[in-house]
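The structure appears below as structure tokens.
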Amino acid sequence: MDDTRYISSTTNSPSPFSTKWEAPSNIALVKYWGKKEPQLPKNPSLSFTLTSSVTITEVIFTPSDKNSFGFDFYFEGALKLDFYPKLESFFKQIKKYVPWIDAYSLKISSNNSFPHSSGIASSASSIAALSMCIMDMERTLFPQIIDPEFNQKASFLARLGSGSAARSIEGPVTLWGKNIAQVDSSDLYAIPFGKNLHPVFTDFQDTIILVDTGRKAISSSKGHELMYNHPFSDQRFVQAKNNLANLFHVMQTGDLDEFIKIVETEALSLHAMMMTSNPYFILMQPNTLEIIHRVFEFRKQTQIPLCFTLDAGANLHLLYPKSIKKDVRAFISEHLVIYCQNGQYLFDEVGSGAKKV
Ligand code: PMV
């Protein structure tokens, strides 16, 4: 792995700077579950970048008095000490690549667009927004950095904080992990799907059904770790690679029947890995299964191409083309809302990635 081209220099003349970026969450269609050092995926993954589920982060960079790095982190206006270990480990990982950061102290202030404790993982959007702020600062110090290197390095840094965050820099569809379908793919950062994306996927809809908004019993880091000695991990990595190759083709042809088969297989395989880990665990809840059955029935009765996917949690992402939005939304509000915690669900759609605000 040659990562030396991502190492920038130190700076002798630090100066104050502040910047604010918004980065979206993403939902994987082919899942990343299992990794190796340094935060490299055991199989490639592909995701939809979202639009409305975003984190907005402002970073104020102040030259540090003692020439030593430090940060404060505020979430929704309050100092948030629980996030420090995750951030400390992120900065520890990225310092080699942004050594100039040692001359600064950072005030990081973040807000999420989605409701607090909604059960939506915010690590992808928050680490991606922070990485964009850091890259914006790097661009003021080293103006020669231009696109696509800017986004590539932002994705590279984000990956070191949270693997799936690498896929939250660009949109509408991104690919992370070396694979034969796209020659410029890499394990180090995510890349946009490219020019041949079928138009049906450029405005695909995602309604997030909130079944359980509590904290997950097992973190994703623990789940990844359990893939090391998992009895089915080798087969799972092969399956994911094959699913990616097939989905890659589907993303170009727009074949929704095939899309549904691959996406739902991936969701259930991810959870099957959890249920067969040692120790085993279950993140789905009874209402997750109720909704899955309702989706199967609805699809059978109406032939409407609605499908589901799952993240590492009990909530569902219902995916469908924009052209059938009205029918699907009527189905959700009439038949699924009873299974949602406090009747909550969120409309989102595929989007274009992080932006400066
Ligand atoms: O980025 P992490 O370490 O939180 O892992 C993400 C794992 C899944 O969300 C379950 C799958 C994925 O590819 O996003």
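When a ligand or atom number is given, it counts from 1 through the structure's own listing order.
Interface of A312 with ligand 1, defined as ligand atoms under 4.0 Å from a residue heavy atom, comprises 10 (C). Near S162, meaning under 4.0 Å from any of its heavy atoms, are these atoms of ligand 1: 1 (O), 2 (P), 4 (O). Close approach of ligand 1 to A28 is summarised as follows: ligand atoms under 4.0 Å from at least one heavy atom of the residue are 12 (C), 13 (O), 14 (O). Listed by number with element, the atoms of ligand 1 under 4.0 angstrom from any heavy atom of G163 are 1 (O). Within the listing of ligand 1, atoms 8 (C), 9 (O), 10 (C) sit less than 4.0 angstrom from a heavy atom of D311.
Residue contact check for ligand 1: R167 places a non-hydrogen atom closer than 4.0 Å to it.
By the 3.5 Å distance cut-off applied to N or O atoms, K31 is not counted among the residues near ligand 1. Residue Y32 places at least one N or O, backbone or side chain, under 3.5 Å from an N or O of ligand 1. In terms of polar-atom proximity, defined here as any N/O pair under 3.5 Å, W33 makes no such contact with ligand 1.
Below 30°, between 30° and 60°, or above 60°: for F48 and F201 the angle between ring planes is between 30° and 60°, a tilted geometry.
Shortest contact from atom 1 (O) of ligand 1 to any protein heavy atom: S164 OG, 2.6 Å. Nearest to atom 3 (O) of ligand 1 among the protein's heavy atoms is H224 NE2, 3.1 Å.
Within the 4.5 Å cutoff, the side chain of F331 has no heavy atoms near those of the T302 side chain.
For the pair R139 and F150, the cation sits on the ring face: its NZ or CZ lies under 6.0 Å from the ring centre, inside 45° of the axis. Taking the centre and axis of the six-membered ring of F347, the NZ or CZ atom of R329 falls inside the cone set by 45° and 6.0 Å.
The six-membered or imidazole ring of Y104 lies away from that of F71, with a centre-to-centre distance of 6.0 Å or more.
The main-chain N or O of P38 is found under 3.5 Å from a side-chain atom of R159 such that the two form a donor-acceptor pair.
At a threshold of 4.0 Å, the pair R299-E264 counts as salt-bridged, since one of the basic side-chain nitrogens sits closer than that to a carboxylate oxygen.
Distance check: Q39 CD to Y32 OH gives 4.5 Å after rounding to the nearest 0.5 Å.
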